[in-house]
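The next block holds one structure in the form of structure tokens; read it before the comments.
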Amino acid sequence: MGRYDELMSLSLRKGFLIPSAEIYGGLAGFYEYGHNGARLLRKWEDLWIEYFLGLGENYHLIDSSSVLPYSALEASGHVDLFTDILIYCTKCKEAHRADQLIEAVTGTSGEGMDAAQVKDAIMDNDVRCQRCGGTLGEPVPFNIMFPLSIGPRGEEKAFLRPETAQGAYLSFPREFEILRKRLPLGLAIVGRVYRNEISPRQGTYRMREFHQAELQIFFDPETFERGLDLREVEDVSLRVVREEDRERVAERTVIELLDEGDLPAFYLYHLAKVQEFYLDALQVPQDAFRLYELNQAERAFYNRIHFDVQVRMDSLGGFREVGGVHYRTDYDLTRHAEHSKKRMEVFHQGRRFIPEVLELSFGIDRNIWALLDLDYDIGKKAVLHIPVRLAPFTCAVFPLLNRGGLPEMARRVYREIRRWFDTLYDDSGSIGRRYARMDEIGTPYCLTVDHESLEAEDLTLRERDSTDQVRVSVGELRPTLTRLLEGSIRFENLQVGG
RNA sequence: GCGGCCGUAGUCUAGCGGUCAGGACCGAGGCUUCCCAAGCCUCUAGCCCGGGUUCGAAUCCCGGCGGCCGCACCA
């Protein structure tokens, strides 16, 4: 079995993923999270929120609608720019993008044409299939957004949101006002988005309904950098792949990159923070992480600077995008100002301007897939070495034996600590089998009540990654697990007992 | 969306016109053992869906759905 199949098999078997509407044969591009996957998803989101809201004093979580009116997405550019006119060859079935086809034949841009114009252009120039010379069919518009009709007669046109970012832009004026007109202002949204992908594939890597976590930082370009503690990151070595050298990761410190002059300090600061999130919080190995710069042709026209966050996924053949750091300038707010006729200018420190936006954007599902890929060690026994904070369950309680009062004590401990930690109870099978079950879903700590426990009012605490054990008194359990969870103590530094 | 390959218990897989559709792992119950998937016994559970061909279809044909790969697409 290949790595992809191994991971998918485990994900299905252990309650991480479920194909949507599975009993009806499934629905391409949609997956659900099972009982372990849902916890992992939640915990990833919690960790993301904690980390990224922590980047600023004025950064906040909001929650916005999945349905947006036509007008808002017209303003954002999604209606026009995400519509491609496709033409299929009637002979070889090859799909062509009309704008590219027309440009190739006539030398003039076919961008912005509607289907009728495309058809005329095709006829006038006798355009034929670029591959086989066959006759071309009818041009068909394709937009990646899911259209909706609202109301009893469907008179209101709308779309499911293709990104969470728009919610932040739409709420910016009110939040800016309520938050006392301070900049920078960060608005984070974590939620589901929808794109009608032509060919969803590769598990949860490309879905039609997926989760995004995005932070939009609205800032004053003249003062943003003054508020950032650049010294904190200046010696951080960033793992970047620059536009000029796609062949290798260049390890360059923030200071070095700053000296080169083409990337502003505020941007480098946030690249460093994103890297820190991956290396420290998510514990992604250094060599599995990189920041990949997109060139002008690859990035959206409104992005002045764009690095993709990439993580190596062996199941998908190498480095793949899991997020992006986008300097969107004032494009979004300017567009919404023009279309809504609402004032997006702010008066800040004596000047009037439209704030610029730095977007930190992450696809949650592909991040989770990447973590499973990096952390699933499938040897003789499968062990998910996921960070403690992300594990679906933090601990499990077992009686060593199913008699002699051990189950009673184990259940007592279980009922107590499940109030504080995500905890499982298991008394089925041998003790080794129970440890193995927990390893497979990444539970970092197992607590076993044995003979001595009854007398000493303690139990053994076993760590997933080392399989080492220490004795901990029942009274010390909560503070000990709390410290392990928050990382203020390491397992190997616990007093070895028993 | 096009093309290729594929679809058998929860997972992996054997069977490829007539089989009680076989096995392994997981899971459940029992005996036993007790700190890393021990052993033994028992059990649950399957041919993606719909048509067709045939005396008879998991097996052949058609359509659908789904998966992987390639092409295209990925703001």
Side-chain angles (χ1 to χ4, degrees), chain A residues 1-2 4-6 8-15 18-31 34 73 76-84 86-97 100 130-131 137 140 142-145 162-163 165 193 195-203 205-208 298-303 306 308 315-317 320-321 324 326 361 363 379-383 398-404 406 427-440 446-453 459-464 466-469 471 498:
Chain A
M1 236 196 297
Y4 176 88
D5 293 320
E6 279 180 350
M8 185 52 84
S9 169
L10 262 162
S11 298
L12 296 172
R13 194 155 48 81
K14 302 312 288 186
I18 303 171
S20 288
E22 188 179 18
I23 63 170
Y24 289 101
L27 186 59
F30 298 86
Y31 276 91
L73 289 160
S76 69
H78 288 81
V79 172
D80 292 336
L81 298 172
F82 301 167
T83 300
D84 288 329
L86 297 180
I87 303 176
Y88 294 93
C89 171
T90 55
K91 193 170 151 204
C92 72
K93 309 295 184 193
E94 177 85 353
H96 301 279
R97 271 179 55 182
Q100 292 175 353
Q130 299 279 287
R131 195 170 74 168
V140 284
F142 177 79
N143 188 292
I144 202 168
M145 293 192 292
E163 61 175 14
V193 300
R195 298 180 192 182
N196 195 5
E197 294 285 353
I198 295 174
S199 179
R201 223 176 263 185
Q202 297 178 312
Y205 186 80
R206 189 192 293 174
M207 294 196 287
R208 289 180 166 140
E298 292 164 327
R299 64 186 187 243
F301 71 90
Y302 51 76
N303 278 334
H306 178 160
D308 273 346
S315 63
L316 301 182
R320 302 296 293 264
E321 177 195 356
H326 314 133
S361 173
K380 191 167 170 55
K381 287 198 274 185
V383 183
F398 311 139
L400 184 62
L401 296 174
N402 274 314
R403 57 166 183 264
L406 301 189
D427 59 11
S428 158
S430 70
I431 190 70
R433 179 175 294 269
R434 286 176 249 161
Y435 288 145
R437 283 187 192 122
M438 290 302 106
D439 288 343
E440 214 170 16
C446 291
L447 303 158
T448 303
V449 172
D450 61 17
H451 323 82
E452 297 170 46
S453 302
L459 30 64
T460 60
L461 170 61
R462 177 237 191 217
E463 189 202 30
R464 176 193 68 202
S466 63
T467 76
D468 290 341
Q469 289 180 316
R471 294 200 80 88

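Chain naming here is simple, since letters A, B, ... match the order of the sequence lines and numbering starts at 1 in each.
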Could you check how far CG of A:Asn402 sits from P of B:U32, rounded to whole Å?
12 Å

Residue set satisfying side chain to side chain contact (heavy atoms under 4.5 Å, CB included) with A:Tyr205, at least two apart, ordered chain then number -> A:Gln202, A:Met313, A:Leu316, A:Arg320, A:Glu321, A:Arg366

Picking from B:C35, B:A37, B:U11, the nucleotide nearest the side-chain atoms of A:Ser9 would be B:U11

Sorted by position of nearest nucleotide on RNA chain B, 5' first, the leading residue of A:Lys14 and A:Tyr302 is A:Lys14

Within this structure, what is the CE-to-C1' distance between A:Met1 and B:C25, rounded to whole angstrom?
11 Å

Output yes when at least one side-chain N/O atom of A:Arg437 is less than 4.0 Å from OP1 or OP2 of B:C36, else no.
no

Under 4.0 Å, heavy atoms only, any strand: does A:Arg462 hit a base, just the sugar-phosphate, or nothing?
base

Taking the C1' atom of each, how far is B:G63 from B:G7, in whole Å?
16 Å

B:G3 and B:U11, which share atom name C1', separated by this distance in whole Å:
31 Å

Can you say whether a donor on the side chain of A:Arg206 sits under 3.5 Å from an acceptor on the base of B:C74, or the other way round?
yes

Can you name the side chain to side chain donor-acceptor pair (under 3.5 Å) partners of A:Asn143, sequence neighbours left out?
A:Thr83

B:C74 base / A:Glu197 side chain donor-acceptor hit below 3.5 Å:
no

Residue set satisfying salt bridge (charged side-chain N to carboxylate O under 4.0 Å, His left out) with A:Glu298, at least two apart, ordered chain then number -> A:Arg246

Report the residues that fulfil side chain to side chain donor-acceptor pair (under 3.5 Å) with A:Tyr435, sequence neighbours left out, ordered by chain and then residue number.
A:Thr448, A:Gln469

Polar atom pairs between nucleotides 64-68 of chain B and protein, under 3.5 Å, N or O only, would you list them?
{"unit_1": "B:C65", "atom_1": "O2'", "unit_2": "A:Gly25", "atom_2": "O", "d": "3.4"}
{"unit_1": "B:G66", "atom_1": "OP1", "unit_2": "A:Ala28", "atom_2": "N", "d": "3.1"}
{"unit_1": "B:G66", "atom_1": "O4'", "unit_2": "A:Gly25", "atom_2": "O", "d": "3.0"}
{"unit_1": "B:C68", "atom_1": "OP1", "unit_2": "A:Tyr4", "atom_2": "OH", "d": "2.9"}
{"unit_1": "B:C68", "atom_1": "OP1", "unit_2": "A:Gln202", "atom_2": "N", "d": "2.9"}
{"unit_1": "B:C68", "atom_1": "OP1", "unit_2": "A:Gly203", "atom_2": "N", "d": "3.2"}

Using a heavy-atom cut-off of under 4.0 Å over every strand shown, decide if A:Ile144 touches base, sugar-phosphate, or nothing.
nothing

Find the distance A:Arg433:CZ to B:C35:P and express it as a whole number of Å.
16 Å

State which residues pass salt bridge (charged side-chain N to carboxylate O under 4.0 Å, His left out) with A:Arg437; sequence neighbours excluded, sorted by chain then number.
A:Asp426

If the cut-off is 4.0 Å, is A:Arg464 near the phosphate of B:C36, judged by side-chain N/O to OP1 or OP2?
no

Is there side-chain contact between A:Met145 and A:Val79, with at least one heavy-atom pair below 4.5 Å?
yes

Specify the separation, in whole Å, of atom CG of A:Leu406 and atom C1' of B:C35.
12 Å

Whenever both distances are under 3.5 Å in a Watson-Crick or G-U wobble pair, mark it; put RNA chain B into dot-bracket that way, with [ ] for crossing pairs and | when the partner is on another strand.
(((((((..((((....[...)))).(((((.......)))))....(((((..]....))))))))))))....

Can you give me every donor-acceptor pair (side chain of residues 19-29 of chain A, partner residue at least two apart or in another chain, under 3.5 Å) with its distance?
{"unit_1": "A:Ser20", "atom_1": "OG", "unit_2": "A:Glu32", "atom_2": "OE2", "d": "3.3"}

Same-atom distance (P) from B:A58 to B:C47, integer angstrom
10 Å

Strictly below 4.0 Å: does A:Ser428 bring a side-chain N or O up to OP1 or OP2 of B:A28?
yes

In this structure, how many angstroms lie between the C1' atom of B:C26 and the CG atom of A:Leu12, rounded?
14 Å

Among the nucleotides B:C34, B:A37, B:G10, which one has an atom lying closest to any side-chain atom of A:Arg13?
B:G10

What's the closest nucleotide to the A:Thr467 side chain, out of B:C34, B:A37, B:C36?
B:C36

Contact check, side chains of A:Glu452 and A:Leu400, non-hydrogen atoms, under 4.5 Å
no

Would you mind telling me which of B:C35, B:A72, B:A38 lies closest to the side-chain atoms of A:Leu400?
B:C35

Atom C1', compared across B:G46 and B:C25: separation rounded to whole Å
15 Å

What is the distance from CD of A:Glu163 to P of B:C74, rounded to the nearest Å?
16 Å

B:A72 and B:U19: how far apart are their P atoms, nearest whole angstrom?
48 Å

Please classify the nucleic acid contact of A:Thr460 as base, sugar-phosphate, or nothing, using heavy-atom distances under 4.0 Å.
base

On RNA chain B, does the nearest nucleotide to A:Glu22 precede the nearest nucleotide to A:Ala300 from the 5' side, or the other way round? Give the residue.
A:Glu22

Please measure how far the C1' atom in B:G30 lies from the corresponding atom in B:U44, and state the result in whole Å.
15 Å

Taking side chain to side chain donor-acceptor pair (under 3.5 Å) as the definition, give me every residue that meets it alongside A:Arg462, ordered by chain and number, with sequence neighbours left out.
A:Asp439

NA contact type, A:Pro19, heavy-atom cut-off 4.0 Å: base, sugar-phosphate, or nothing?
nothing

Euclidean distance for C1', B:G22 against B:G15 (whole angstrom):
8 Å

Rounded to whole angstroms, how far apart are CG on A:Leu10 and P on B:A37?
18 Å

Side chain to side chain donor-acceptor pair (under 3.5 Å) partners for A:Ser199, two or more places apart:
A:Arg201

Rounded to whole angstrom, note down the P distance from B:C49 over to B:A9.
10 Å

Whole angstrom is fine here: how far is it from CG in A:Asp439 over to C1' in B:A37?
10 Å

Is any side-chain nitrogen or oxygen of A:Ser430 closer than 4.0 Å to OP1 or OP2 of B:A37?
no

Encode nucleotides 42-47 of chain B as B, S and - characters from 5' to 3', where the letter depends on protein heavy atoms closer than 4.0 Å: B to the base, S only to sugar-phosphate, - to neither.
------

Applying salt bridge (charged side-chain N to carboxylate O under 4.0 Å, His left out), can you list everything that pairs with A:Glu463, at least two apart in sequence or on another chain?
none

Using side-chain heavy atoms (C-beta onward) and a distance below 4.5 Å, is A:Met8 in contact with A:Leu12?
yes

